[in-house]
Amino acid sequence: MRVLFVSCDPLDGAVTRYRCTHLAEALRSAGHTADVATIYDPVIRLEHDIVVLHRICANQEGQALADAVRKSGATLVYGADDLMWEVPAISPASSLGHPSSPDAHPSREEGLASLHLAMLRQADGVLVSTESLAEFAREAGARDVVVVRNTRYWGPISLSLHDFPEKLWEESRPKKEGGRFWMLYPSGTATHDDDLAKVAPALKTVMEDDPTVRLILVGPVVIPETLQSVREAIGCVPLLTMDQYLALIWQASVVIAPLAPTRFNQGKSELKWLEAGSWSKPTLASRWGGFGEIVRDGENGLLAVNESEWVAQLTRLREDRDYGSCLGGTAKKVQRFDWSMAQTLTEVPFLEWRGSSTVHITLFRNPLGFAKGKIKSVLRRVRR
């Protein structure tokens, strides 16, 4: 069986890593051919039984690629790890939560959502990362929806645990020196302001109870007004490379993953738990979305619903470091087992999607997409 993943993001992006590269690794481990490309490649060679278009909507280039996939005789699968085909009922536009642009006008977001919906409905199958997303996809009229959760490839890692740049840390760490209980919130994008604001009162309580506690924010998330009184105990780190990000997780005491209880967030996966567990670090998350589906409270992580639960969980972690280490260690063991099963769990739906028609080699040429990809890569480096 031959599978091609085509991502909406460059090859070094997290979107591509978890929903394309790692799934391709799982399929290769099961003895299949699996390749990864991006919509920004100037030429994509279609010679596969199945082609997964991950987060690629039915705009001009996306639809042209879908048509080329059909022409080649391959099975067309739409992939998503967010609720891309709906516009979240949140205001203002900066909180819409779609990855296109946090400052996009609502009408543009509505247009993108409709284009994703069009791709979802025309695909032979839909590949998503959580059970909630699968339910939403079926509601939207998708055919043959399959859940394959995010997984982490447990092959060799070239990361040094001290790879986090000292200069970057000196510039971004909290102004106040303190103890070694660091709460890390990897927001990733500017669409998570509402999520951080939701737990800000609890974070403030914990930080005021123990002045040595520190909060590290990764990405362009805005510090809520509630936390301004403890501003000197907060460090703000810009977007990082994957190696830098993992090195920062290694230094943290706990990774926090708050989610506002919205329909859009209900489709979110447990990715922060996956990344924290890779270094045996505990995760405290909202009992919402993928975290509620996969994290077993008190066993491989912690869950919280309201302010008092967030305060209680963080306080226990702060007072009992061995407890946090045990949670993180269990998460790592679970994830290693999940990877050992990933080959089979990933292989099964793809074998069912494999059609019986003959596949013809087809070349999809996309010079405009290549140019857009170059621009996006430059902007990403500048923002870092």
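All heavy atoms count here, side chains included; hydrogens, waters and symmetry mates do not. The chain is numbered in sequence order, starting from 1.
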Fill in the blank from the handout: Shortest non-hydrogen pair, Val206 vs Leu314, comes out as CG2-CB, 3.9 Å
Handout entry: Within-4.5 Å side-chain heavy-atom neighbours: Leu217 and Ser187
Key = no
Exercise for the section: May I ask you to decide if Glu47's main-chain N or O and Arg2's side chain share a donor-acceptor pair within less than 3.5 Å? Expected result: yes
Problem - Exam field: side chain Asp49 to backbone Arg354, donor-acceptor pair closer than 3.5 Å - result: no
Problem - Joint cluster assignment, Leu302 & Leu196, ILVMFWY side-chain distance < 4.5 Å - result: yes
Practice task
Taking the side chain as every heavy atom from C-beta outward, state whether Gln244 and Val237 have any atom pair closer than 4.5 Å.
Solution key: no
Exercise for the section: Check whether any side-chain heavy atom of Gln335 lies under 4.5 Å from a side-chain heavy atom of Leu274, and answer yes or no. Expected result: yes
Problem - Within-4.5 Å side-chain heavy-atom neighbours: Leu215 and Val213 - result: no
Problem - Check: Trp250 main-chain N/O paired with Lys281 side-chain donor or acceptor under 3.5 Å - result: yes
Handout entry: Asp297 with Arg287: basic N within carboxylate O range, under 4.0 Å
Key = yes
Practice task
Please examine the side chains of Pro42 and Pro367, heavy atoms only from C-beta on, and report whether any two atoms are closer than 4.5 Å.
Solution key: no
Handout entry: From CA spacing to verdict: side-chain contact (heavy atoms from CB on, under 4.5 Å), Leu133, Val126
Key = CA-CA 10 Å; Leu133 270 182; Val126 174; over 6 Å; no
Problem - For Lys272 against Tyr185, the heavy-atom pair lying closest together - result: CE-CE1, 4.1 Å
Practice task
May I ask you to decide if Leu115's main-chain N or O and Asn59's side chain share a donor-acceptor pair within less than 3.5 Å?
Solution key: no
Exercise for the section: Return yes if a side-chain donor-acceptor contact under 3.5 Å exists between Trp353 and Asp124, otherwise no. Expected result: no
Completion exercise
When every non-hydrogen atom of Pro238 is compared with those of Val218, the smallest separation belongs to O-CG1, 3.8 Å
Handout entry: Atom pair CZ (Arg214) and OG (Ser253), whose distance is rounded to the nearest 0.5 Å
Key = 11.5 Å
Exercise for the section: Please answer: with hydrophobic residues joined when any side-chain heavy atoms are less than 4.5 Å apart, are Val222 and Met183 in the same cluster? Expected result: no
Exercise for the section: Working to the nearest 0.5 Å, report the span between CZ of Phe181 and CD of Glu319. Expected result: 9.5 Å
Handout entry: Test: Glu275 and Arg17 ion pair at under 4.0 Å
Key = no
Handout entry: Hydrophobic cluster membership, Leu65 vs Leu120, 4.5 Å side-chain cutoff
Key = yes
Exercise for the section: Examine Arg263 relative to Phe136 and say whether NZ or CZ is less than 6.0 Å from the centre of the six-membered ring and inside a 45° cone about the ring axis. Expected result: yes
Exercise for the section: For the pair Trp273 (side chain) and Asn300 (backbone), establish whether a donor and an acceptor sit closer than 3.5 Å, ignoring hydrogens and angles. Expected result: yes
Handout entry: Euclidean distance, Met207 CE relative to Ser229 OG, rounded to 0.5 Å
Key = 8.5 Å
Handout entry: Taking every non-hydrogen atom, the tightest pair across Ala200 and Thr226
Key = CB-CB, 3.9 Å
Practice task
Check whether Val147 and Val77 end up in the same hydrophobic cluster, where Ile, Leu, Val, Met, Phe, Trp and Tyr are linked by side-chain heavy atoms less than 4.5 Å apart.
Solution key: no
Problem - Side-chain touch Met119/Met84, heavy atoms, less than 4.5 angstrom - result: no
Problem - Whether Arg143 side chain and Gln122 backbone form a donor-acceptor pair below 3.5 Å - result: yes
Completion exercise
Correct closest heavy-atom pair for Asp81 and Arg55 would be OD1-NE, 2.8 Å
Handout entry: Test side-chain contact (heavy atoms from CB on, under 4.5 Å) applied to Asp12 and Met242, step by step
Key = CA-CA 8 Å; Asp12 61 349; Met242 192 61 185; over 6 Å; no
Problem - Glu293 versus Ser132, side-chain donor and acceptor atoms under 3.5 Å - result: yes
Practice task
Output the distance between atom CG (Leu240) and atom CG (Leu246), rounded to the nearest 0.5 Å.
Solution key: 10.0 Å
Problem - Between Thr330 and Glu299: side-chain donor-acceptor atoms closer than 3.5 Å - result: no
Practice task
For residues Lys198 and Pro261, determine if any side-chain heavy atom of one lies less than 4.5 Å from a side-chain heavy atom of the other.
Solution key: yes
Practice task
Could you grab the distance from atom CG of Asn265 to atom CG of Asp82, nearest 0.5 Å is fine?
Solution key: 8.5 Å
Problem - Joint hydrophobic cluster, Val43 plus Ile39, side-chain heavy atoms closer than 4.5 Å - result: no
Exercise for the section: Go through the side-chain N and O atoms of Ser7 and Asp9 and say whether any donor and acceptor fall under 3.5 Å apart. Expected result: no
Problem - CA sep, side-chain torsions, deciding dist, call: Val15, His54, side-chain contact (heavy atoms from CB on, under 4.5 Å) - result: CA-CA 9 Å; Val15 169; His54 182 69; 3.4 Å; yes
Handout entry: Over all atoms of both residues, closest heavy-atom pair of Val51 and Ala74
Key = CG2-CB, 4.1 Å
Problem - Under 3.5 Å: donor-acceptor pair, side chain of Tyr18, backbone of Leu23 - result: no
Handout entry: Other residues, nucleotides, ligands: >12 heavy atoms within 6.0 Å of Glu139 CD
Key = yes
Handout entry: Side-chain donor or acceptor of Lys268 paired with backbone N/O of Leu259 under 3.5 Å
Key = no
Problem - Pairwise distance CD1(Ile361) to NZ(Lys71) - rounded to 0.5 angstrom - result: 13.0 Å
Exercise for the section: Verify, without hydrogens or angle tests, whether His32 (side chain) and Leu27 (backbone) share a donor-acceptor contact under 3.5 angstrom. Expected result: no
Problem - Contact check, side chains of Leu317 and Leu327, non-hydrogen atoms, under 4.5 Å - result: yes
Practice task
Verify side-chain contact (heavy atoms from CB on, under 4.5 Å) between Leu248 and Trp182, making sure each step is shown before the conclusion.
Solution key: CA-CA 10 Å; Leu248 186 59; Trp182 291 353; 5.7 Å; no
Practice task
Would you please name every residue forming a salt bridge (charged side-chain N to carboxylate O under 4.0 Å, His left out) with Arg121, sequence neighbours left out?
Solution key: none
Problem - Side-chain (Trp288) to main-chain (Thr262) donor-acceptor, under 3.5 angstrom - result: yes
Problem - Pairing of Glu135 and Arg138 as salt bridge, 4.0 angstrom limit - result: no
